[in-house]
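Here the structure is laid out as structure tokens; the discussion comes afterwards.
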Amino acid sequence: MAENEKHYKNFKIAAPGGYEEIFSHFYFAENTTGETITKTLLPSYQTILIFNFGTPASLYSIQKTELKVDKCLVLGPIKQAFTYSLPANSGILVANFKDDAFYNFFGNAAVAEHLPVNPDDLLDENCFTSLWAQLNKIEDINDRVAYILEFSKPYLKQRNVIAEQLANFKDTNLNPIKSVADLQNQTERNIQLNHKKHLGYTAKEISRYQRFLKAVKLIQSIASSSNKMDWFDIINECGFYDQSQLIHDFKHYINLSPTKYLKFQQNICNPKAE
């Protein structure tokens, strides 16, 4: 694998000024080796738009269901890990929608949660297939990203005030639903419905995920140092009740125990790691 990694390129491209509230980043990967490269993507709770160039890539769910990516595909919000394989002469460019941005494009934040779809099916047009055709003619990755950004402008709607407040809520000591309900003089139930509608998940779901993500980052930090892994420190630091809850959450999100994640982490991509 080490030799082939020389011919496997993958990197992130930050969203430029003016687009930070729409895309968290773009991800590019290209396989010019003679064999298939397989990686696992951690859940990100983001919806992604995947463009495939060359040989079709494959996505595999935790249940081992295979899906071929022909030209473009919408998937998310991604709540569990999935494996993707890039065969020889395959490349992907992934746009990662941030917070409520996908809703502002398509008007349904959870449209592809259980079934990946062709984005053209959401708009009853072939505009994304046409977009793929134009991107396929562009060689430079940064130019492809710039083309996507220009293409996206007409689809952006004015941001919902409640969704914006929920997405930007950072005080971990307060309940975001109750706080925004008080600000908007609305019921907590209505704010909960807006959370699910615009972001594609509930406040309870994202709180659990953030606890898991904190544990992942802590494990990665300890693994990269010379310190010994102390699982009880991780449990206490990240707010788990006990070891069984830590194990349960890891198996829920990535179908691996924490110790197995530690063993295989170099083959796992964390879209939230900056």
Side-chain angles (χ1 to χ4, degrees), residues 1-6 8-15 20 23-31 36-48 50 57 59-62 75-86 92-99 167 170-173 201 204-274:
M1 182 64 73
E3 180 64 27
N4 281 328
E5 290 290 348
K6 296 177 182 178
Y8 173 69
K9 296 189 294 185
N10 68 110
F11 52 84
K12 293 180 181 180
I13 301 171
E20 299 97 331
F23 301 104
S24 62
H25 65 283
F26 293 82
Y27 174 76
F28 172 73
E30 182 179 48
N31 180 15
T36 298
I37 299 291
T38 299
K39 300 283 184 179
T40 297
L41 183 74
L42 288 182
S44 64
Y45 272 73
Q46 292 176 272
T47 299
I48 61 176
I50 308 172
L59 308 180
Y60 302 90
S61 69
I62 285 181
L75 179 66
I78 300 170
K79 299 180 179 181
Q80 289 183 302
F82 67 84
T83 299
Y84 64 93
S85 293
L86 297 180
I92 57 172
L93 177 60
V94 183
N96 294 263
F97 289 97
K98 188 174 181 180
D99 300 325
K170 304 300 180 186
D171 193 336
T172 57
N173 296 316
Y201 46 80
K204 186 176 180 180
E205 283 181 293
I206 196 64
S207 177
R208 180 187 180 188
Y209 165 71
Q210 287 169 344
R211 181 182 62 192
F212 159 76
L213 188 61
K214 185 176 181 179
V216 166
K217 290 180 177 179
L218 189 54
I219 290 170
Q220 290 175 335
S221 176
I222 295 172
S224 64
S225 69
S226 57
N227 296 327
K228 183 179 178 180
M229 192 70 63
D230 188 322
W231 295 109
F232 290 102
D233 280 350
I234 292 172
I235 290 167
N236 293 328
E237 179 71 22
C238 300
F240 291 94
Y241 293 123
D242 52 29
Q243 189 172 9
S244 64
Q245 189 183 38
L246 172 70
I247 294 171
H248 183 267
D249 275 12
F250 267 72
K251 288 188 174 180
H252 169 76
Y253 287 116
I254 60 176
N255 203 31
L256 292 173
S257 68
T259 51
K260 285 189 176 179
Y261 168 74
L262 179 62
K263 182 177 180 181
F264 297 112
Q265 63 167 316
Q266 63 184 14
N267 290 322
I268 299 177
C269 301
N270 183 359
K272 291 290 188 178
E274 299 296 341

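For the single chain, residues carry numbers from 1 onward in sequence order.
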Summary of side-chain hydrogen bond (donor to acceptor under 3.5 Å, both in side chains) pairs that have at least one residue in residues 233-243, sequence neighbours excluded: D242-S244
Measuring from atom OG1 of T172 to atom CD of Q210, what distance do you get when rounded to the nearest 0.5 angstrom? 9.5 Å
Which residues satisfy the ring pair (Phe, Tyr, Trp, His ring centres under 6.0 Å) test with Y84, sequence neighbours excluded? none
Only counting residues at least two apart or in another chain, list the ones meeting ring pair (Phe, Tyr, Trp, His ring centres under 6.0 Å) with F23. F26, F97
For S207, check side-chain contact (heavy atoms from CB on, under 4.5 Å) against everything at least two apart and list the hits. none
For R208, all residues meeting side chain to side chain donor-acceptor pair (under 3.5 Å), sequence neighbours excluded: H248, D249
S224 (side chain) donor-acceptor with Q220 (main chain) under 3.5 angstrom: yes
Non-neighbouring partners of A215 that pass side-chain contact (heavy atoms from CB on, under 4.5 Å), sequence neighbours left out: I234, C238, F240, L246, F250
Mind listing the closest non-hydrogen atom pair of K98 and E20 along with its distance? CD-O, 3.1 Å
Nearest 0.5 Å please: distance from the CG atom of L256 over to the NZ atom of K263. 11.0 Å
K251: partners by side-chain contact (heavy atoms from CB on, under 4.5 Å), with sequence neighbours left out: I247, S257
Separation of N10 CG from N31 CG (nearest 0.5 Å): 10.5 Å
Backbone of P43 reached by a side-chain donor or acceptor of Q80 within 3.5 Å: no
Can you tell if the side chain of V216 reaches within under 4.5 Å of the side chain of L42, non-hydrogen atoms only? yes
Does any N or O in the side chain of Y253 come within less than 3.5 Å of the main-chain N or O of Y209, such that one atom is a donor and the other an acceptor? yes
Just how far is it from atom CG of L262 to atom CD1 of I222, taken to the nearest 0.5 Å? 9.0 Å
How far does CG of L86 sit from CD1 of I92, to the nearest 0.5 angstrom? 5.0 Å
How many angstroms lie between atom OG1 of T47 and atom CD1 of I78, to the nearest 0.5 angstrom? 7.5 Å
Do I219 and W231 touch side chain to side chain, with heavy atoms closer than 4.5 Å? yes
Between E205 and Y45, is there a side-chain heavy-atom distance shorter than 4.5 Å? yes
Which residues share a ring pair (Phe, Tyr, Trp, His ring centres under 6.0 Å) with F11, sequence neighbours left out: F28
Within a strict 4.5 Å, meaning less than it, do heavy atoms of the Y27 and I48 side chains meet? no
